[in-house]
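Okay, so here's the structure we're looking at.
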Amino acid sequence: MYAQMVKSEATKEDPEKLAAFQARIDAGEKIEPKDWMPQGYRKTLIRQIGQHAHSEIVGQLPESNWLTRAPTLERKAILLAKIQDEAGHGLYLYCAAETLGVSRDELTEMLLDGRMKYSSIFSYPTLTWADMGAVGWLVDGAAIMNQVPLQRTSFGPYSRAMIRVCKEESFHQRQGFDVMMKMATGSPEQKRMAQDALNRFWYPALMMFGPSDKDSVHSSQSMAWKIKMNTNDELRQKFVDQTAPQADFLGLTIPDDNLKWNEEKDGYDFSEPDWSEFHDVIQGNGPCSVDRLRARNKAWDDGAWVRDGLLAHAEKKAARKVAAE
Ligand code: 3HC
């Protein structure tokens with residue numbers, strides 16, 4: 001429906017302008033906010049960047065669940081820094097989206113009333129401390145796999161935001177791997193917890209890359225516009241190829257009997273996630289979907305007095321300036 005809408009809007013645009021725009025994209029030029037762009041390009045970016053920003057913000061919730069129960073002061077400080085980084089990523093991304101003519105408040109309202117999505121992964125619970133390792137290793141690992149290519153995306157503000165985000169995400173991934181390493185080489189109970197976390201997060205991590213290419217609605221147009229640089233399946237394959245040897249190194253087993261190196265394709269064969277579960281989760285029926293939106297709505301309502309205060313202060317300051325002129 002959305003892809004059709006984007007396409008039909010594209011056909012309404014001036015063909016000469018569209019051709020010139022595509023030539024700029026093909027030549028690897030960056031598109032900046034004041035440049036002419038097709039409405040479909042603008043809408044797709046607002047959808048993708050907005051969803052990405054929401055994911056960074058909602059993604060703080062499953063990790064903050066463990067802040068008060070981190071096993072040492074050092075682990076707590078590291079986790080706290082990581083969660084703060086995610087808030088910063090959300091802010092860069094909201095700013096990038098705002099350059100396209102949508103306000104942060106509008107985007108937030110669309111998240112809060114369920115009109116906009118956030119990444120499926122954050123609708124899953126974090127049940128033990130080992131999940132902090134699995135989230136860093138697998139979830140941030142999958143996020144980097146998707147975001148490194150996005151540093152070359154065609155829209156300037158998004159591309160520049162990604163450069164900063166990726167630097168921090170690679171630290172997040174390493175701290176997650178470090179937690180997993182400690183757990184996997186610790187007591188038998190710690191190793192059991194690490195394996196259990198891997199068992200629960202493996203398929204949801206694979207789902208982060210989106211539906212398989214044959215079912216992806218937006219990929220072909222988004223790739224033509226270099227909003228996406230790779231297909232969902234390409235990145236999922238790269239993630240499995242990178243992660244399977246890491247699991248071996250940790251002495252953990254990926255919960256997939258079909259995982260096997262395939263010499264011919266120079267990559268692993270692996271099982272697809274359960275796509276019906278994925279569709280259920282993105283419709284808002286994940287195990288924690290209701291809790292996540294409730295928490296974000298509460299934060300928004302609780303913060304109303306801060307926003308009102310700041311706005312009143314800004315209005316007063318502007319009125320004083322006008323009076324002085
Ligand atoms: N979670 C939720 N929704 C998803 C999804 C996922 N993992 N994967 C796909 N979808 C949705 C799409 O948004 C689209 O729905 P819509 O039309 O209602 O918007 C539908 O499923 C069809 O999928 P497509 O493949 O056609 O969608 P896209 O072309 O947008 O591809 C994507 C999906 C690969 C996630 C792409 O949007 C993308 O690369 N986004 C930027 C990266 C991003 O959002 N990352 C969030 C990860 S979490 C994170 O970064 C936090 C960090 O701290 C760990």
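Position 1 is the first residue of the sequence, and the numbers go up from there. Start at 1 and go down the list; that is how both ligands and their atoms are numbered.
- Taking every heavy atom of Glu86 and a limit of under 4.0 angstrom, the matching atoms of ligand 1 come to 52 (C), 53 (O).
- Residue Gly59 places every heavy atom at 4.0 Å or more from ligand 1.
- The two atoms that bring Gly210 and Trp275 nearest to each other are O-CH2, 3.2 Å, heavy atoms only.
- For the pair Ser120 and ligand 1, the shortest N or O to N or O distance falls below 3.5 Å.
- The two residues Thr68 and Lys76 have their closest heavy-atom pair at CA-NZ, 4.3 Å.
- Of the inter-residue distances, the one linking Asn262 atom CG with Asp269 atom CG reads 4.5 Å to the nearest 0.5 angstrom.
- Comparing His54, His172, Glu169, Lys117 against atom 15 (O) of ligand 1, the shortest heavy-atom distance belongs to Lys117.
- Residue Asn146 has at least one heavy-atom neighbour below 4.0 Å for each of these atoms of ligand 1: 34 (C), 38 (C), 39 (O), 41 (C), 42 (C).
- Atom CE of Met116 is separated from atom CE of Met110 by 5.5 Å, given to the nearest 0.5 angstrom.
- Using a 4.0 Å cut-off to heavy atoms of Tyr158, the atoms of ligand 1 that qualify are 41 (C).
- Interatomic distance, Glu168 CD to Gln147 CD, rounded to the nearest 0.5 Å: 11.0 Å.
- Of all the heavy atoms of His218, the ones lying under 4.0 Å from any atom of ligand 1 are found in both the backbone and the side chain.
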Apply salt bridge (Lys or Arg N to Asp or Glu O under 4.0 Å) to the pair Glu32 and Arg160, showing each step before the final yes or no.
CA-CA 11 Å; Glu32 296 298 336; Arg160 292 188 285 274; 2.8 Å; yes
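- Taking a cut-off of under 4.0 Å to the non-hydrogen atoms of Ser55, the atoms of ligand 1 that pass are 46 (C), 48 (S).
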Take Arg192 and Asp196, measure what salt bridge (Lys or Arg N to Asp or Glu O under 4.0 Å) needs, and give me the verdict at the end.
CA-CA 6 Å; Arg192 194 197 60 73; Asp196 173 61; 5.1 Å; no
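- Between Leu150 and ligand 1, no pair of N/O atoms sits closer than 3.5 Å.
- Against a heavy-atom cut-off of under 4.0 Å, Pro211 is close to the following atoms of ligand 1: 9 (C), 23 (O), 25 (O).
- Look at His89 and you'll find every heavy atom at least 4.0 Å from all atoms of ligand 1.
- Closest heavy-atom approach to atom 10 (N) of ligand 1 within the set Phe278, Tyr118, Phe209: this belongs to Phe278.
- There is a path of hydrophobic side-chain contacts, each under 4.5 Å, that joins Tyr268 to Met208.
- In summary, Asp85 and Arg164 do not engage in a salt bridge, as defined by a charged side-chain N under 4.0 Å from a carboxylate O.
- A donor and an acceptor atom, one from each side chain of Asp233 and Gln237, are nowhere located under 3.5 Å apart.
- Nearest residue to atom 54 (C) of ligand 1 from Asp215, Asp140, Val165 is Asp140 (criterion: closest heavy atom).
- Comparing Ser216, Ala205, Gly286 by heavy-atom distance to atom 24 (P) of ligand 1, the nearest is Ser216.
- Residues Glu169 and His172 bring a donor and an acceptor atom of their side chains to less than 3.5 Å of each other.
- Under the 4.0 Å criterion applied to side-chain N and carboxylate O atoms, Lys82 and Glu86 are assigned as salt-bridge partners.
- Residue Asn232 touches ligand 1 through its side chain alone, judged by heavy-atom distances below 4.0 Å.
- Which parts of ligand 1 touch Gly210 is read off a 4.0 Å heavy-atom cut-off, strictly below it: atoms 8 (N), 9 (C).
- Listed by number with element, the atoms of ligand 1 under 4.0 angstrom from any heavy atom of Gln51 are 3 (N), 4 (C), 13 (O).
- Proximity to Met207 (heavy-atom distance under 4.0 Å) selects the following atoms of ligand 1: 7 (N).
- Every heavy atom of Met116 sits 4.0 Å or more from the atoms of ligand 1.
- Minimum interatomic distance between Asp131 and Pro125 (heavy atoms only, all atoms of both residues): OD2-O, 3.9 Å.
- Heavy atoms from both the backbone and the side chain of Val217 come within less than 4.0 Å of ligand 1.
- Among the atoms of Ser222, none of the N or O lies under 3.5 angstrom from an N or O of ligand 1.
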